[in-house]
Amino acid sequence: METIDFVFQYPFSVLREGGFPLRGCWHRDFFHNDNPIVVELGCGKGEYTVELAREFPGRNFIGIDIKGARMWSGASRAREQGLKNVAFVRTSIELLESFFAPGEVSEIWITFPDPQMKKQRKRLTGVRFLEMYRRVLAEGGIINLKTDSPFLYTYTRQLCLANPDAIAIKEDLTDVHNRPEGVLPALSILTHYERQWMARGLPIRYLAFALADAPLTEIDDTDIPRDTYRSYSRGTLEAEGLRT
């Protein structure tokens, strides 16, 4: 990872002592253009970050994840392809504001995150995180959620509807691979795990929404049905008699 010049690994101790030098300066000092900055949170192997960068050369893409072994795969692929509009940051998503100044990000992608069904505070589309995204997003910036989780999709959609003054839904698809041809081409990019979920017959859901400057209120998620399958293995919990 240290041999790739567009990968940044900054532990919290370093941030605390000196801060991240590109914060507020990504356009000028790294990408050397004024193209919109798009951030993928929890990028994993970087498949989405790399493919977005390849498909949309007029935008800059930054993948963020805490696990370097997975990120190395995407970073290596970007280097092999000679992409100049891509970067990776190895850090915790909770530290997002340490890497981006207010209004510096134009768009956020959240692709197949852990739905955190038991831990609302850790849910990447919960109020705690949305408030953080709002502080780094430019006015009108879009948040894209692509998920296999019926629970996370339903929770996020209900949260949006419960906060009409603060959140505006822009797109809402319950099966992205049955959408009309040519609509939202970025959704055609497939990750390794997405292919697995599709092979199991699980539809992929998508929400795009924008945040306004209004108070956000968390919702009660106790009545939202929990997912009944394991994320990385075949079969359902119900079929195996393992659901609790």
Side-chain angles (χ1 to χ4, degrees), residues 12 38-52 62-74 88-97 99 107-134 136 143-160 167 173-176 187 189-209 216 218-238 240 242-244:
F12 179 71
V38 181
V39 172
E40 184 189 5
L41 302 177
C43 67
K45 295 182 178 181
E47 296 154 297
Y48 232 84
T49 299
V50 172
E51 287 304 308
L52 285 171
I62 302 173
I64 295 179
D65 206 292
I66 194 64
K67 296 185 178 179
R70 295 191 304 186
M71 182 183 289
W72 178 86
S73 175
F88 289 92
V89 176
R90 184 182 180 187
T91 190
S92 169
I93 293 172
E94 284 88 346
L95 298 178
L96 189 68
E97 291 178 274
F99 293 88
E107 191 172 352
I108 289 174
W109 278 86
I110 307 172
T111 49
F112 304 101
D114 185 332
Q116 296 289 350
M117 291 183 285
K118 295 181 180 180
K119 299 177 181 178
Q120 196 173 66
R121 180 173 171 78
K122 297 183 69 174
R123 206 170 293 157
L124 291 186
T125 56
V127 166
R128 172 182 170 231
F129 280 95
L130 293 187
E131 289 177 338
M132 180 176 63
Y133 305 155
R134 183 163 56 186
V136 301
I143 298 172
N144 304 274
L145 170 67
K146 192 177 183 185
T147 180
D148 65 297
S149 168
F151 170 83
L152 185 62
Y153 164 80
T154 302
Y155 162 79
T156 307
R157 187 174 187 276
Q158 288 188 11
L159 180 65
C160 292
I167 309 176
L173 300 173
T174 56
D175 188 347
V176 303
L187 295 178
I189 298 171
L190 303 180
T191 68
H192 170 74
Y193 290 119
E194 184 174 359
R195 295 179 190 276
Q196 288 189 349
W197 288 314
M198 291 173 64
R200 293 161 62 183
L202 298 173
I204 306 301
R205 296 164 169 83
Y206 170 77
L207 271 176
F209 53 94
L216 282 164
E218 192 58 90
I219 62 171
D220 183 355
D221 64 9
T222 54
D223 291 333
I224 300 176
R226 267 46 183 173
D227 299 336
T228 58
Y229 63 92
R230 289 203 295 268
S231 294
Y232 305 114
S233 62
R234 296 188 176 276
T236 66
L237 297 178
E238 290 177 330
E240 297 176 7
L242 296 175
R243 188 181 181 188
T244 57

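Remember, it's a predicted structure, so these values are computed and weren't measured experimentally.
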For this session: Output, in order, the C-alpha distance, side-chain angles, deciding distance and verdict of side-chain contact (heavy atoms from CB on, under 4.5 Å) for T49 and V39.
Result: CA-CA 8 Å; T49 299; V39 172; over 6 Å; no

Exercise. Can you check side-chain contact (heavy atoms from CB on, under 4.5 Å) on M132 and I93, steps first, answer last?
Worked result: CA-CA 10 Å; M132 180 176 63; I93 293 172; 4.2 Å; yes

For this session: Start with the C-alpha gap between L152 and L145, add the side-chain angles, then the distance that decides, and say whether side-chain contact (heavy atoms from CB on, under 4.5 Å) holds.
Result: CA-CA 9 Å; L152 185 62; L145 170 67; 4.0 Å; yes

Exercise. Between L96 and V136, does a side-chain contact (heavy atoms from CB on, under 4.5 Å) hold up when you go through it step by step?
Worked result: CA-CA 8 Å; L96 189 68; V136 301; 3.8 Å; yes

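Of the inter-residue distances, the one linking M71 atom CE with I66 atom CD1 reads 8.0 Å to the nearest 0.5 angstrom. In this structure, the separation between CG on L173 and OH on Y206 is 7.5 Å, given to the nearest 0.5 Å. Interatomic distance, R205 CZ to T156 OG1, rounded to the nearest 0.5 Å: 11.5 Å. Taken from CE in M117 to CZ in R226, the straight-line distance is 7.5 Å, to the nearest 0.5 Å. T191 contributes atom OG1, which lies 10.0 Å from atom CE of M198 (distance to the nearest 0.5 angstrom). To the nearest 0.5 Å, atoms CG (D221) and CD (Q116) are separated by 12.0 Å.
Taking 4.5 Å as the limit, every side-chain heavy atom of F88 sits out of range of all side-chain heavy atoms of I62. The closest side-chain heavy-atom distance from R200 to R195 is not below 4.5 Å. In this structure, L187 and I204 have side chains that are not in contact, with every pair of non-hydrogen atoms separated by 4.5 Å or more. When side chains are defined from C-beta on, D227 counts as touching P150, because their heavy atoms get closer than 4.5 Å. Between Y48 and L190, every side-chain heavy-atom pair lies at or beyond the 4.5 Å cut-off. Side chains of L207 and R157 form a contact here, defined as non-hydrogen atoms less than 4.5 Å apart. T125 places none of its side-chain heavy atoms less than 4.5 Å from the side chain of Y153. Put simply, the side chain of L130 reaches to within 4.5 Å of the side chain of F209, judged on heavy atoms.
Under the 4.0 Å criterion applied to side-chain N and carboxylate O atoms, R90 and D65 are not assigned as salt-bridge partners. Look at E194 and K146 and you find a salt bridge, because one of the NZ, NE, NH1 or NH2 atoms lies within 4.0 Å of a carboxylate O, short of that distance.
Judged by distance alone, with hydrogens and angles left aside, the side-chain atoms of Q120 form a donor-acceptor pair with the main-chain N or O of I219 at under 3.5 Å. The backbone N or O of I189 sits nowhere less than 3.5 Å from a side-chain atom of E51 that would complete a donor-acceptor pair. When atom types are taken as modelled, the side chain of D175 and the backbone of P203 share no donor-acceptor pair closer than 3.5 angstrom.
Of all heavy-atom pairs spanning S149 and P115, the tightest one is OG-CB, 3.6 Å. Taking every heavy atom of both residues into account, V50 and G74 meet most closely at CG2-O, 3.3 Å. Of all non-hydrogen atoms in E107 and N144, the two that sit nearest each other are OE2-ND2, 2.8 Å. Nearest heavy atoms, I167 versus C160: CG2-SG, 3.5 Å.
For the pair R123 and F129, the cation-pi criterion (under 6.0 Å, within 45° of the ring axis) is not fulfilled.
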